[in-house]
Amino acid sequence: MRPLFLFLLGAVPAFSQPFSAGLKAGVPFTDFFNTVQSASYSVPNRYIVGAMAEIRLPAGFAIEADVLYRHLNYTDHLSQVAIAGAISSSTTTTDRATSSSWEFPIVLKYRFHTPLV
């Protein structure tokens, strides 16, 4: 029982430390590829993952730095119909692209001391 009490007593100051780290993951809410209305496309794997670290400063300020990885697969199907006199022809073009990017955002935060809501 005594080691458990000492462990819990030591865990309380850990929550007040000026440094924290963790993982971030997510997907976008909006579709930023929706620019051409006549094209058929698919964008799977629009995820973003990474690590974050935050240092709390005096007066309610904090600095957060992230290392985020984003991967995209883009497939575009475009159909074109050409009419020359009485003859029409149809062609379909498929474009594929894969992209990966690393992002390094740095955020300055301010934490209000009184609840707003």
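Separation of atoms CE (Met52) and CG (Leu23) is listed at 9.5 Å; rounding is to 0.5 Å.
Shown here for Ser100 and Tyr69, the closest heavy-atom pair between the two residues is OG-OH, 3.1 Å. Counting all heavy atoms, side chain and backbone alike, Phe104 lies closest to Val67 at CE2-CG1, 3.8 Å.
With a 4.5 Å cut-off on side-chain heavy atoms, Ser20 and Arg56 count as touching.
In this structure, Trp102 is not a member of the same hydrophobic cluster as Val107, with clusters built from ILVMFWY side-chain heavy atoms closer than 4.5 Å.
Partners of Ile48 by side-chain contact (heavy atoms from CB on, under 4.5 Å), not counting sequence neighbours, listed by chain and number: Leu68, Arg70, Glu103. Residues satisfying the side-chain contact (heavy atoms from CB on, under 4.5 Å) criterion with Ala53, sequence neighbours excluded, are Phe19.
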